[in-house]
Amino acid sequence: MIISTIDELGKYEGQEVTVRGWVYNTRSIGKIWFLIFRDGTGLLQCVVVKAEVDSLTFDLEGTLTQESSVKVTGLVRKEPRATGGYELTVKNITVVQIADEYPISPKEHGTAFLMDNRHLWIRSKKQNAILRVRHQIIKAARDFFDNNGFTLVDSPMFTANAVEGTSNLFEVDYFDRSAYLTQSGQLYGEASAMALGKIYVFGPTFRAEKSKTRRHLTEFWMLEPEIAYCDLDENMDWAEKLVGYIVQQCIGKCKREFEVLERDLSKLEAIVPPFPRITYDEAADILKKAGADFEYGNDLGATDETIIGENFDKPVMIHRWPADVKAFYMKRDPNNNELALGVDMIAPEGFGEIIGGGQREDDYDTLVNRIQHHDLPLKPFKWYLDLRKYGSVPHSGFGLGLERVVAWITGTQHIRECIPFPRTMSRLEP
RNA sequence: UCCGGAGUAGCUCAAUGGUAGAGCGGGUGACUGUUAAUCACUAGGUUGGGGGUUCAAGUCCCUCCUCCGGAGCCA
C-alpha cells in the first residue's frame with residue numbers, strides 16, 4: 001500500500017494510494033459526492049461514486065463532518081476540473097474520528113472570533129501558507145548565517161537588567177529577586193562576538209509596552225547578528241545581504257504559498273541588494289517635501305516610515321540618527337558627535353521598520369559616561385563594560401523583527417497572523 | 001494613557017421608539033461532475049452587564065465591562 005501526501009500525489013498517477021488527513025468540506029449531488037480533503041500539504045478532491053464503492057463507504061457522506069479525521073484510499077487520476085490538477089477516485093474511507101460541529105465554517109469570520117479559535121484557524125489555507133513562509137524565512141536566515149561563518153549563540157531569557165532602559169519589561173519573581181524577560185539578546189550577542197567573531201542570536205523577546213497596533217506583539221522573535229571588527233557600513237552590507245537572501249529563497253521555494261496568499265511577486269522580485277542608504281537628514285528632507293508633520297530631531301513615527309518607504313521599491317536603510325533618540329550603547333559619528341551610528345531598515349509597501357541596529361560604543365570611559373547620562377545603574381552592566389576592558393574592538397550588529405518580515409513578505413496586514421500563537425496585551429489564550 | 005469604532009442566533013450582519021430577521025453553518029430530504037454547489041423544509045435569541053426615561057427600549061439617557069485599531073514606544 002502506497003501512503004502519500006497530497007503534494008507528492010503526482011508521482012503516483014494511475015496507482016492506488018492512501019492519503020491521511022482531515023475533511024475540509026463535502027458536496028453531494030445524489031449518486032456522486034465529493035470529499036474535499038486536506039492533509040497539511042494541500043487540498044485534494046476525492047470522488048465517491050455510488051456504483052463503485054460499498055454502501056457503508058458511500059453513506060459516509062451523511063456522517064463525515066468538517067475536520068473529521070479520515071484515511072482515504074483510491075486511484076490517482078489527472079483531472080483538470082479539480083483544484084490541484086489531481087483527483088482521487090475513492091475505493092475506501094477509514095474514519096479515525098468524527099469531528100464535533102466545527103466552529104470555523106467556510107464563510108467569512110471576524111478576526112476576534114478567529115483569534116479565539118487560533119488553534120483551529122491555523123488549519124485554514126491562508127494561515128497554513130503564512131506559517132510555511134515563516135518557516136522558510138527562518139530556514140533561509142539560518143542558512144545565510146551558516147554559509148557566512150556565523151555561529152548561533154543562545155542568549156538567556158531571564159535578565160537582571162534592562163538593555164536600553166527605555167522599554168517596559170515583564171518583571172518576574174526569580175527566587176525572591178526581580179528578574180526581567182529579555183527584550184533583546186544584544187548585550188550577550190556582543191560578548192559572544194568577542195568570543196566567536198561572527199555570531200547571531202535567535203529567540204523570543206518580550207516587551208510589556210501597551211501597544212495595540214497591527215505591528216506589535218508582547219512576545220516576538222528576533223534575529224540578532226553581532227560582528228566583531230565591523231563598522232556601520234559593513235553592518236549595512238550584512239543587513240541587505242541577509243534580507244535579499246531571505247526574500248529570494250522564499251520566492252524560489254514558496255510558489256504555492258504565495259499563490260494562496262495572492263502575493264504580488266513582482267514587488268518581491270525587486271528586492272535585490274544593494275538597497276538605498278540615506279541619512280537621517282536626507283530622510284527628514286523627504287518628509288519635509290512630503291508635507292509630513294515631522295520635527296527634526298525626533299524619531300520617525302509610523303506614518304513617517306510609510307512615507308519614506310513609498311519613495312523606494314526596495315527596503316531603505318536610514319543611518320546616522322540624532323543620538324538623543326537612540327540607545328546609550330550606540331557609537332557616535334566621529335564626524336558629528338550629535339549623531340549616533342545607528343541604522344533602521346524600512347520595508348516597502350508600508351510594512352514599516354524591520355531592522356534596527358548600528359555600531360556599538362567600544363570605548364570604556366565613553367560607555368560609562370553614557371550609562372550614567374541615561375540614569376542607568378552601573379552595577380548590572382559591569383560584565384558588559386568588561387568587554388571594553390579586555391580587547392575592545394569596533395563591532396556592530398542589528399536586530400531583525402521576524403514577524404514584521406513575515407508580514408511584509410507574505411503581504412499580511414496584521415502581525416498577529418505571522419506567528420502561530422500570538423501574544424498581545426489582551427491575548428494569553430490559546 | 002489618549003483618540004476613535006464596535007458588542008443582536010454557532011458565525012457574518014439587518015431591524016423609523018411599536019410582534020427581533022436574513023445569509024452562512026447545523027438537522028431532514030431531493031439531485032451522477034460539484035468548485036464557498038443548488039433546491040425544499042426545519043431547529044436555533046436573557047439584543048455585553050447594571051440603572052433610568054416611556055403606555056412601549058435592540059433603538060433614547062447614565063454608568064460599567066469587553067473587544068477592535070490608531071497615537072505614543074518600538075522590531
Side-chain angles (χ1 to χ4, degrees), chain A residues 24-36 43-52 58 61-63 65-67 77 79-84 87 89 99-117 121 124-125 163-169 183-186 204-224 239 293 298-306 325-327 343-347 351-357 398-408 413-416 418-419 424-427:
Chain A
Y24 196 77
N25 199 2
T26 61
R27 280 190 282 270
S28 168
I29 51 162
K31 296 195 176 75
I32 290 184
W33 61 277
F34 300 92
L35 164 64
I36 315 301
L43 286 177
L44 172 67
Q45 172 158 289
C46 309
V47 189
V48 188
V49 181
K50 190 177 178 102
E52 296 179 19
F58 190 80
E61 195 275 323
T63 314
T65 51
Q66 192 186 350
E67 288 301 319
R77 286 189 302 107
E79 173 55 73
R81 283 175 291 185
T83 42
E87 189 176 77
T89 305
D100 282 5
E101 190 183 330
Y102 194 64
I104 303 176
S105 60
K107 279 280 176 177
E108 54 207 53
H109 298 280
T111 44
F113 173 78
L114 290 168
M115 284 309 321
D116 284 341
N117 290 284
W121 191 21
S124 72
K125 269 191 291 191
V163 174
E164 295 167 24
T166 49
S167 296
N168 293 313
L169 305 187
Q183 62 165 328
S184 165
Q186 183 199 314
T205 50
F206 308 89
R207 303 279 166 91
E209 300 288 351
K210 295 190 174 177
S211 300
K212 293 187 287 188
T213 79
R214 70 179 79 168
R215 298 179 308 281
H216 290 88
L217 296 168
T218 54
E219 179 182 316
F220 64 97
W221 285 67
M222 257 208 303
L223 271 161
E224 297 180 280
D293 181 23
N298 289 351
D299 207 347
L300 266 55
T303 49
D304 300 327
E305 287 177 359
T306 303
V325 303
K326 289 292 177 187
V343 56
D344 284 2
M345 187 189 288
I346 312 291
F351 284 94
E353 184 182 346
I354 51 172
I355 279 178
F398 58 88
L400 175 147
L402 180 69
E403 287 76 15
R404 286 190 180 176
V405 171
V406 176
W408 164 47
Q413 288 309 309
H414 205 302
I415 197 170
R416 69 188 155 199
C418 297
I419 184 168
T424 64
M425 261 179 84
S426 60
R427 186 162 299 282

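Throughout, protein chains are lettered first and strands after them, A, B, ... in sequence-line order, and every chain is numbered starting at 1. On a predicted model such as this, the values are computed, not experimentally measured, just so you know.
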Using the closest heavy atom to pick a nucleotide of RNA chain B for each, name whichever of A:K31 or A:M425 lands nearer the 5' end. A:M425
Qualifying residue for side-chain contact (heavy atoms from CB on, under 4.5 Å) with A:W221, from A:I419, A:T205, A:V406: A:I419
To the nearest Å, give me how far apart CG (A:L223) and P (B:A75) are. 14 Å
If the C1' atom of B:G33 is compared with that of B:G69, how far apart are they to the nearest Å? 45 Å
Whole angstrom value for the distance that separates C1' of B:U12 from CD1 of A:I104: 14 Å
Out of B:C74, B:C31, B:U32, whichever nucleotide has its closest atom nearest the side chain of A:S28: B:C31
Between P of B:G72 and CG of A:D299, the distance in whole Å: 9 Å
Within the structure shown, what part of the strands sits under 4.0 Å from A:E87 by heavy-atom distance: base, sugar-phosphate, or nothing? base
Taking the P atom in each of B:A15 and B:U59, what is the distance between them to the nearest angstrom? 14 Å
Tabulate atom names and distances for all N/O pairs under 3.5 angstrom spanning the protein and nucleotides 68-71 of chain B.
{"unit_1": "B:C68", "atom_1": "OP2", "unit_2": "A:S426", "atom_2": "OG", "d": "3.0"}
{"unit_1": "B:G69", "atom_1": "OP1", "unit_2": "A:H414", "atom_2": "NE2", "d": "2.8"}
{"unit_1": "B:G69", "atom_1": "OP1", "unit_2": "A:R416", "atom_2": "NH1", "d": "2.8"}
{"unit_1": "B:G69", "atom_1": "OP1", "unit_2": "A:R416", "atom_2": "NH2", "d": "2.8"}
{"unit_1": "B:G69", "atom_1": "O2'", "unit_2": "A:K212", "atom_2": "O", "d": "3.4"}
{"unit_1": "B:G70", "atom_1": "OP1", "unit_2": "A:R214", "atom_2": "NE", "d": "2.4"}
{"unit_1": "B:G70", "atom_1": "OP1", "unit_2": "A:R214", "atom_2": "NH2", "d": "2.1"}
{"unit_1": "B:G70", "atom_1": "OP2", "unit_2": "A:R214", "atom_2": "N", "d": "2.8"}
{"unit_1": "B:G70", "atom_1": "OP2", "unit_2": "A:R214", "atom_2": "NE", "d": "3.2"}
{"unit_1": "B:G70", "atom_1": "N7", "unit_2": "A:K212", "atom_2": "O", "d": "3.4"}
{"unit_1": "B:A71", "atom_1": "OP2", "unit_2": "A:R215", "atom_2": "NH2", "d": "3.2"}

Ranking A:D344 and A:N25 by the position along RNA chain B of their nearest nucleotide, the one closer to 5' is A:N25
Within this structure, what is the CD-to-C1' distance between A:E224 and B:A75, rounded to whole angstrom? 9 Å
Which distance, rounded to the nearest 0.5 Å, do you find between the CD of A:E52 and the OG1 of A:T89? 6.5 Å
Out of B:U32, B:C11, B:G33, whichever nucleotide has its closest atom nearest the side chain of A:F113: B:C11
At less than 3.5 Å, do the side-chain atoms of A:H216 and the base atoms of B:C74 form a donor-acceptor pair? yes
If a pair means Watson-Crick or G-U wobble with both distances below 3.5 Å, what does RNA chain B look like in dot-bracket form, with | marking bases paired to a different strand? (((((((..((((....[..)))).(((((.......))))).....(((((..]....))))))))))))....
Between NZ of A:K50 and CD of A:E61, what distance do you get to the nearest 0.5 Å? 11.0 Å
Stacking between A:F220 and B:A75, defined as ring centres under 5.5 angstrom apart with planes under 30°, is that present or not? yes
Would you classify A:I354 as touching base, sugar-phosphate or nothing, given that sugar-phosphate means primed atoms plus P, OP1 and OP2, and contacts are heavy atoms under 4.0 Å? sugar-phosphate
Using side chain to side chain contact (heavy atoms under 4.5 Å, CB included) as the criterion, list what pairs up with A:R215, not counting sequence neighbours. A:T213, A:A302, A:R404
Which letter, B, S or -, goes with each nucleotide of nucleotides 24-29 of chain B from 5' to 3', with contact meaning a protein heavy atom under 4.0 Å? SSS---
Contact summary for A:M222 and A:Q183, nearest pair of heavy atoms: CE-O, 3.7 Å
Side chains of A:T218 and A:R207 in contact at under 4.5 Å (non-hydrogen atoms): no
What's the CZ-P distance between A:R207 and B:G72, to the nearest Å? 17 Å
Does A:L217 reach a base, just sugar-phosphate, or nothing at all? Heavy atoms under 4.0 Å. base
So which heavy atom on A:G185 is nearest to which on A:E224, and how close? N-OE1, 2.8 Å
Excluding sequence neighbours, so at least two apart, what forms salt bridge (charged side-chain N to carboxylate O under 4.0 Å, His left out) with A:E403? A:R134
Measure from CD1 on A:I346 to P on B:C74 and round the result to the nearest Å. 13 Å
What integer distance in Å separates A:D116:CG from B:U12:P? 10 Å
Identify the two heavy atoms, one from A:G356 and one from A:D344, that lie closest to each other, and give their separation to 0.1 Å. CA-OD1, 3.7 Å
For A:R427, all residues meeting salt bridge (charged side-chain N to carboxylate O under 4.0 Å, His left out), sequence neighbours excluded: A:D116
Rounded to whole Å, CG of A:N117 lies from P of B:C11 at a distance of 9 Å
Would you mind classifying the nucleic acid contact of A:G352 as base, sugar-phosphate or nothing, using non-hydrogen atoms under 4.0 angstrom? nothing
